[in-house]
Protein chains: 2
Amino acid sequence: MDDIDQHIVSCLVVDGRASFREIGEIVGLSAPAVKRRVDRLQASGVISSFTARLDQGALGWNTQAFVNVTFRNNVSPARMQEALAPIPEVVAAYTVSGDSDLVVHIRASNMQHFEQALERLRALDSVDRTESTIVLSTLIDRPSPVDRH
Amino acid sequence: MDDIDQHIVSCLVVDGRASFREIGEIVGLSAPAVKRRVDRLQASGVISSFTARLDQGALGWNTQAFVNVTFRNNVSPARMQEALAPIPEVVAAYTVSGDSDLVVHIRASNMQHFEQALERLRALDSVDRTESTIVLSTLIDRPSPVDRH
DNA sequence: GATGAAACACTCACTGT
DNA sequence: ACAGTGAGTGTTTCATC
């Protein structure tokens, strides 16, 4: 992972469908050389996948919330992940330090739909309390930077 | 935005670099027909961009937190967005209903780096109080579903 | 890492429905 | 309005140096 790799990755974050030749021109490499590096970056897991970013508002998923979950007893992160993965409305989940044990980011089409998803959450074993923070609007939502730090 | 569009979009979420011919085979269309639809989906904003998803842990950005921000006075979302955009550590920001006014998702390379970013946040005009929730581990982080709801 | 060549994909204008 | 076809161009992907 040298400077050129970093440059290639930042190109692909900006445009995930950029051609290898195009990237090569920017970073000063031939297309096959870029391909080999991208293949290596994917194999090593630095690039986990390529995806289309959607404007969720543009197709109906207008309701989102952060749900702080508190457990009754100790639950392993692995078991919690298993339990959350089947709920499609859960787009992200993090174990956290602080008042609650888990922060779950939920996306739904509307409040009724959100309530359904929340009920599925609350029905999970060991869930003691949930506290929802409804999102009013998304100000920023972007990939994290690749830059050196 | 019919069923075929939805199918195409879900293909592109799974693999953002899939070829139009490949997608066409799955959804039962020719490559040019798929391209025309993808172009239209981008123009209409349903697909906002294509990007590489990175494993942030794999290159050093191991610290993340949710910061609940409370304002002293009323601040317009637009002005808040302007103020937050230049801070690279801010990967997401939402106005919310509840105890605080804003939830800011911050990613940094370590605690010291996070503290720097937090100080930049706290230095913004009209920021009254911040309350940070440190993320211990990421259980789930995935694109939201495209399915009908 | 570069080059060259073959296979493949993209993209256009055009045609048909 | 939308899908398919065909042709020209550009891109990917090898093997080789």
Side-chain angles (χ1 to χ4, degrees), chain A residues 1-62 109 142-149, chain B residues 1-61 142-149:
Chain A
M1 186 77 192
D2 58 9
D3 290 346
I4 296 178
D5 281 341
Q6 218 154 17
H7 202 167
I8 290 174
V9 166
S10 64
C11 287
L12 284 171
V13 167
V14 171
D15 179 6
R17 284 182 79 90
S19 76
F20 296 144
R21 195 197 55 80
E22 196 177 344
I23 297 169
E25 263 183 26
I26 296 171
V27 307
L29 246 52
S30 68
V34 173
K35 180 200 183 327
R36 277 194 294 262
R37 280 170 179 262
V38 172
D39 286 348
R40 193 164 47 73
L41 288 164
Q42 279 191 273
S44 69
V46 173
I47 297 175
S48 55
S49 66
F50 292 97
T51 187
R53 286 176 67 81
L54 306 181
D55 179 356
Q56 298 297 141
L59 222 248
W61 294 68
N62 293 307
S109 50
R142 61 186 177 196
S144 12
V146 194
D147 318 7
R148 207 172 279 314
H149 37 264
Chain B
M1 187 78 190
D2 57 9
D3 290 347
I4 296 178
D5 281 341
Q6 219 154 15
H7 202 167
I8 290 173
V9 165
S10 64
C11 287
L12 285 170
V13 167
V14 171
D15 179 6
R17 283 182 79 90
S19 75
F20 296 145
R21 197 195 54 81
E22 197 176 344
I23 297 169
E25 264 183 25
I26 296 170
V27 307
L29 245 53
S30 68
V34 173
K35 180 200 182 326
R36 280 191 291 259
R37 281 170 178 263
V38 172
D39 286 348
R40 194 164 47 73
L41 288 164
Q42 280 191 271
S44 69
V46 173
I47 297 175
S48 56
S49 66
F50 292 97
T51 187
R53 286 175 68 83
L54 306 182
D55 179 356
Q56 298 296 141
L59 221 245
W61 294 69
R142 61 186 176 197
S144 12
V146 195
D147 319 5
R148 206 172 281 314
H149 37 265

> Grab the two heavy atoms, one from A:V146 and one from A:Q6, that are nearest each other, plus how far apart they are.
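Closest approach of A:V146 to A:Q6, heavy atoms only: O-NE2, 3.1 Å.
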> Residues of residues 25-44 of chain B with any non-hydrogen atom less than 4.0 angstrom from an atom of DNA chain D: list those, numerically ordered, please.
B:L29, B:S30, B:P32, B:A33, B:R36, B:R37
> On a heavy-atom basis, which atom in A:V34 and which in A:G24 lie closest, and how many Å separate them?
CG2-CA, 3.5 Å
> Looking only at heavy atoms, what is the nearest atom pair of A:A58 and B:G45, with distance?
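Residues A:A58 and B:G45, closest heavy atoms: CB-O, 4.3 Å.
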> Between D:dC2 atom P and B:I4 atom CD1, what is the distance in whole Å?
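For the pair B:I4 CD1 and D:dC2 P, the rounded distance is 11 Å.
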> If I take atom CG in residue B:D5 and atom P in nucleotide D:dA1, what distance separates them, rounded to the nearest angstrom?
16 Å
> Please give, in whole Å, the distance from D:dA3 C1' to B:F20 CZ?
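To the nearest whole Å, that distance equals 16 Å.
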> Expressed in angstrom and rounded to an integer, what is the separation of A:E22 atom CD from D:dT12 atom C1'?
14 Å
> Work out which heavy atom in A:G16 is nearest to a heavy atom in A:F50; give both atom names and the distance.
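Closest approach of A:G16 to A:F50: O-CD2, 3.7 Å.
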> If you compare all heavy atoms of A:R17 against all heavy atoms of B:S19, which two are closest, and at what distance to 0.1 Å?
NH2-CA, 4.4 Å
> Can you check the B:R21 CZ to C:dA7 C1' distance for me, whole Å?
11 Å
> Tell me, with the steps shown, if B:V46 and B:R40 meet side chain to side chain contact (heavy atoms under 4.5 Å, CB included).
CA-CA 9 Å; B:V46 173; B:R40 194 164 47 73; over 6 Å; no
> At their closest point, which heavy atom of A:P145 faces which heavy atom of B:Q56, and how far apart are they?
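Closest pair (atom of A:P145, atom of B:Q56, distance): O-NE2, 4.2 Å.
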> Is there a side chain to side chain contact (heavy atoms under 4.5 Å, CB included) between A:L12 and B:T51 once you walk through the steps?
CA-CA 6 Å; A:L12 284 171; B:T51 187; over 6 Å; no
> For B:R17 and C:dC8, give me the distance from atom CZ to atom C1', rounded to whole Å.
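Those two atoms, CZ and C1', are 15 Å apart.
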> D:dC2 C1' sits how many Å from B:D3 CG, rounded?
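To the nearest whole Å, that distance equals 16 Å.
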> Please report the end-to-end axis angle for the helix from C:dG1-D:dC17 to C:dT17-D:dA1, five pairs per end, rounded to 10 degrees.
30°
